[in-house]
Amino acid sequence: MKLKHIVAASVLTLAAAGGLAGCGSHKAAAPPNTYRIMATDIIATADPSMNTDVIGAQALTDTMDGLYRYEGNTLKPAMTTKIVKPSADGLTYVFPLRKNAKWSNGDPVTAQDFVFAWRRTVDPKTKSQYAYIYEGINNAKDITAGKKDVTALGVKALDKHTLQVTLEKPIPYFDKLMTQPMFFPQNQKVVEKWGKKFGTHSKTLVSNGPYKLVNWNSPDNTWNEVKNSKYWNAKQVKVEKLHYQVVKDPSTALNLYQSKKLDRVKLTGDTSKQMKGSKDYEIQKQNSTFYLLPNIQKQELFKNQKIRQALSLAINRDQLTKKVIGNGTIAASSFTPNDMSFDPDNKSKDFVAETSATGKKYTRYDLPAAKKLWREGLAETGNTGKNFTFTLLGDDTDNAKQITEYVQNQLGKLPGLKITLNNVPFKNRLARSDSGDFDLVLGAWNADFADPINFLTLFTSDASYNYGKWSNPQYDAAVAKSLNEDVNNPSARWQDLKDAQNIANEQQGVIPLYQNGEAWLTNSRVKNLDYGPAGNYNNVSLRLKE
């Protein structure tokens, strides 16, 4: 679609937003002690071993507790009674667990619940896409590769309330990992009772966190979480009910907010611009990036580096973020977010800034250079003069549709290239990405912890999230070096990470588009919104002013 048509469509959206807002004369009374917030899609799964997205991660953060929980950017003990320091060699952690912690069905939360959960996640039979993040825990890599039994994993219940974790090598960010859903405990009795149905319906779940899902089924567009009276820290949970509602259209979100049917909504595009001056408006910067993945395994043409570089140079990221998205996003020169991680030898130096020379080389907008590289790539692959049609896969939200339409328009300026679009529900896009059923896909990643390795490990040759199957041995080696011989040398490790990022920037096997920033409207009744480095809200802190 031509740019002017995209703008016209945005104007229509804005007009619709104004019309809906104007007709929203009925003001819904807020239910007592209930926080009502929009979500952009459904919960695909509530199984901690199988979740892969931020929506599920938020539901799990609401309903579960791991060893630690973030309060803002500060780690606090959750299932463990204190922040644990490792042994002198950095390889052993011993966690004393809370003796008063219970599951919502009354079962005690024990060290064995962690042992079971961690073994289940790394077990190849489970097919968890997050199994890779266990690498560094003793024998985890060999277990996921099918070389050792799950019982060899370096996790052990010393007694009912003492958990021991043994590492193969020190992990600088180990504490941060312990806040994430894939490390949460699981009730073995419940998981084995429900089998493949576990995590698909509220009746298959038990909670050890501040809330519990009620009357929820995985396809539901609304869901409720009610306070878990058996939560060890229940006295600090003051809001009785969280109500989530899926809203994909920004004009609908605005209408629901202005008619007081939701307390907090996310805006995109022209609705975001329209409300920018509102006292309820704020930008929440995200440690997340969006990017294009060309399917190198499926499409022979994408194996050529110049072709990939041409695709990247053909996209005007400034125009995309300012004119199309318009909600606090910024053009990205790297798939690793900026202002997230800093040089250990100079805290004023941001990781992305230190790799900007290679990062900006192919992410600037330069259509003549893009066409030149495109023709050279076609010549190198024996395709001079040929036409190509590729399909771009994306989500079916209004925002995603506008982004994919814009990218379609930009890439269509390369000689002989036609881009068709396929916008599908989020869950379908994830499934098709995983199976390799795409030519190009609009992908994204949100930081689990504030370290570049969280993004760099996504695109090593054998990584499960490397959907496009880009592979570079020098990149793999640099990432591996940061995780092994240089793991206890912060300066050397930082250089390894920069080396890997510079290779990726040059290769453009992953084409960065933008770093996310979310525009929100929040009712003044909502107090103490508390979100950590990964963007997950700690709703233990949430308060409502009635």
Side-chain angles (χ1 to χ4, degrees), residues 54 73 130 132-133 135 171-173 176-177 180 285-294 308-309 312 315 317 320-321 328-364 442-461 463-468 470-472 474-483 486-487 490-518 532-535:
V54 295
N73 291 321
Y130 257 120
Y132 77 92
I133 210 166
E135 184 177 339
I171 301 176
Y173 46 87
K176 299 173 184 177
L177 289 178
Q180 297 305 305
K285 192 173 182 180
Q286 304 288 298
N287 285 336
S288 68
T289 55
F290 280 69
Y291 41 78
L292 286 181
L293 291 174
R308 301 193 303 269
Q309 292 168 342
S312 186
I315 300 169
R317 291 162 177 81
L320 171 64
T321 54
T329 59
I330 58 172
S333 61
S334 167
F335 56 70
T336 302
N338 68 14
D339 292 332
M340 180 189 74
S341 42
F342 299 88
D343 193 323
D345 297 324
N346 186 339
K347 296 297 184 182
S348 68
K349 292 185 177 181
D350 170 65
F351 180 77
V352 174
E354 288 195 320
T355 55
S356 63
T358 56
K360 293 178 179 179
K361 186 176 181 181
Y362 294 109
T363 58
R364 72 187 194 280
L442 178 62
W445 190 257
N446 190 77
D448 295 313
F449 50 93
D451 190 285
I453 198 67
N454 193 194
F455 289 80
L456 294 169
T457 51
L458 296 174
F459 305 113
T460 54
S461 297
S464 59
Y465 286 101
N466 185 7
Y467 298 134
W470 170 69
S471 179
N472 181 276
Q474 289 77 31
Y475 177 89
D476 292 350
V479 172
K481 192 176 179 185
S482 77
L483 292 167
D486 291 338
V487 70
S491 298
R493 177 177 180 270
W494 188 255
Q495 186 60 52
D496 297 335
L497 300 176
K498 290 195 297 181
D499 289 345
Q501 188 66 65
N502 284 327
I503 292 167
N505 291 345
E506 186 76 26
Q507 289 270 317
Q508 290 296 304
V510 181
I511 300 173
L513 292 179
Y514 63 91
Q515 182 170 343
N516 206 22
E518 295 180 347

Student: Working to the nearest 0.5 angstrom, can you tell me the gap between Lys347 NZ and Lys349 NZ?
Tutor: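 These two atoms lie 13.0 Å from each other.
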Student: Is the backbone N or O of Phe335 less than 3.5 Å from a side-chain atom of Thr289, with the two atoms forming a donor-acceptor pair by type?
Tutor: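 At least one qualifying donor-acceptor pair exists.
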Student: Is the centre of the Tyr291 ring less than 6.0 Å from the centre of the Phe459 ring?
Tutor: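 Close enough - the centres of the two rings lie under 6.0 Å apart.
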Student: With rounding to the nearest 0.5 angstrom, report the CD to CD distance, Gln501 to Glu354.
Tutor: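 Gln501 CD to Glu354 CD: 12.0 Å, rounded to 0.5 Å.
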Student: Do Pro172 and Val487 come within less than 4.5 Å of each other through their side chains, counting heavy atoms only?
Tutor: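 Side chain of Pro172 against side chain of Val487, heavy atoms only: contact under 4.5 Å found.
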Student: With a 3.5 Å distance limit and no angle check, can you tell me whether Thr460 reaches the backbone of Thr457 through a side-chain donor-acceptor pair?
Tutor: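 Side chain of Thr460 to backbone of Thr457: a pair is present.
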Student: Donor-acceptor check, side chain of Arg308 to backbone of Gln507, threshold 3.5 angstrom: yes or no?
Tutor: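 Side chain of Arg308 to backbone of Gln507, a donor-acceptor pair under 3.5 Å: yes, one is there.
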Student: Would you say that Tyr130 contacts Gln180 through its side chain, given a criterion of any heavy-atom pair below 4.5 Å between the two side chains?
Tutor: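 Tyr130 does not reach Gln180 side chain to side chain.
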Student: Among Pro337, Ser288, Ser334, find the residue that satisfies the side-chain contact (heavy atoms from CB on, under 4.5 Å) test when tested with Gln515.
Tutor: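 Among Pro337, Ser288, Ser334, the one that satisfies the side-chain contact (heavy atoms from CB on, under 4.5 Å) with Gln515 is Pro337.
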Student: Testing the basics here: between Asp343 and Trp494, what is the closest heavy-atom pair and its distance to 0.1 Å?
Tutor: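 Distance-wise, the nearest heavy atoms are N-CZ2, 3.2 Å.
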Student: Using modelled atom types and a 3.5 Å cut-off, is there a donor and acceptor pairing between side-chain atoms of Arg317 and backbone atoms of Pro512?
Tutor: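 Here the side-chain-to-backbone pair exists.
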Student: Can you give me the closest heavy-atom contact between Ala463 and Leu458, atom names plus distance?
Tutor: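 So the minimum-distance heavy-atom pair works out to CB-O, 3.2 Å.
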Student: If you take all heavy atoms of Ser491 and Asp345, which pair is closest and at what distance?
Tutor: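 Nearest pair, atom of Ser491 first, then Asp345: OG-OD2, 2.6 Å.
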Student: Check the pair Lys285 / Asp339 against salt bridge (Lys or Arg N to Asp or Glu O under 4.0 Å), numbers first and verdict last.
Tutor: CA-CA 10 Å; Lys285 192 173 182 180; Asp339 292 332; 2.8 Å; yes
Student: Should Asp451 and Ser341 count as side-chain neighbours, where that means a heavy-atom distance under 4.5 Å?
Tutor: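 No; the side chains remain at least 4.5 Å from each other.
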Student: Just to verify, what does Asp499 make a side chain to side chain donor-acceptor pair (under 3.5 Å) with, not counting sequence neighbours?
Tutor: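 Expected list: Gln495.
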Student: How far does OG of Ser312 sit from CZ of Arg364, to the nearest 0.5 angstrom?
Tutor: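 Reported value, rounded in 0.5 Å steps: 9.5 Å.
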Student: Working to the nearest 0.5 angstrom, can you tell me the gap between Thr358 OG1 and Ile503 CD1?
Tutor: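 Reported value, rounded in 0.5 Å steps: 9.5 Å.
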Student: To check you understand the geometry: which heavy-atom pair defines the closest contact between Phe449 and Lys176, and what is its length?
Tutor: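 Of all heavy-atom pairs spanning Phe449 and Lys176, the closest is CB-CB, 3.6 Å.
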Student: One pair to check against side chain to side chain contact (heavy atoms under 4.5 Å, CB included): Asn338 and Ile330. What are the steps and the verdict?
Tutor: CA-CA 10 Å; Asn338 68 14; Ile330 58 172; 3.7 Å; yes
Student: To the nearest 0.5 Å, tell me how far Asn505 CG sits from Tyr362 OH.
Tutor: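 Between atom CG of Asn505 and atom OH of Tyr362 there are 11.0 Å.
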Student: Considering non-hydrogen atoms only, spot the tightest contact between Pro452 and Met340 and give its length.
Tutor: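 Shortest heavy-atom contact: N-CE, 3.9 Å.
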Student: If only atom types and distance count, is the side chain of Asp476 paired as donor or acceptor with the main-chain N or O of Ala480 below 3.5 Å?
Tutor: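 No: the side chain of Asp476 does not pair with the backbone of Ala480.
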Student: Would you say Val479 and Ile453 make side-chain contact, with heavy atoms under 4.5 Å?
Tutor: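 A side-chain contact under 4.5 Å exists here.
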Student: Kindly give the heavy-atom pair with the smallest separation between Val352 and Thr336, and that separation in Å.
Tutor: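 It is CG2-O, 3.1 Å.
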Student: Report the residues that fulfil side chain to side chain donor-acceptor pair (under 3.5 Å) with Tyr475, sequence neighbours left out, ordered by chain and then residue number.
Tutor: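 Tyr475 satisfies side chain to side chain donor-acceptor pair (under 3.5 Å) with no residue once adjacent residues are dropped.
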Student: Can you check whether Thr355 reaches Asn502 side chain to side chain, under 4.5 Å on heavy atoms?
Tutor: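 Answer yes - side chains close enough.
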Student: To the closest 0.5 Å, what do you measure between OH (Tyr514) and CD1 (Ile315)?
Tutor: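 Those atoms lie 12.0 Å apart.
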Student: Determine whether the side chains of Ser461 and Ser471 contain a donor N or O and an acceptor N or O closer than 3.5 Å.
Tutor: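 The criterion, which ignores hydrogens and geometry beyond distance, is satisfied for Ser471 and Ser461.
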Student: Donor-acceptor pair, distance only, cut-off 3.5 Å: does the side chain of Asp486 make one with the backbone of Ser482?
Tutor: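 Answer holds: no.
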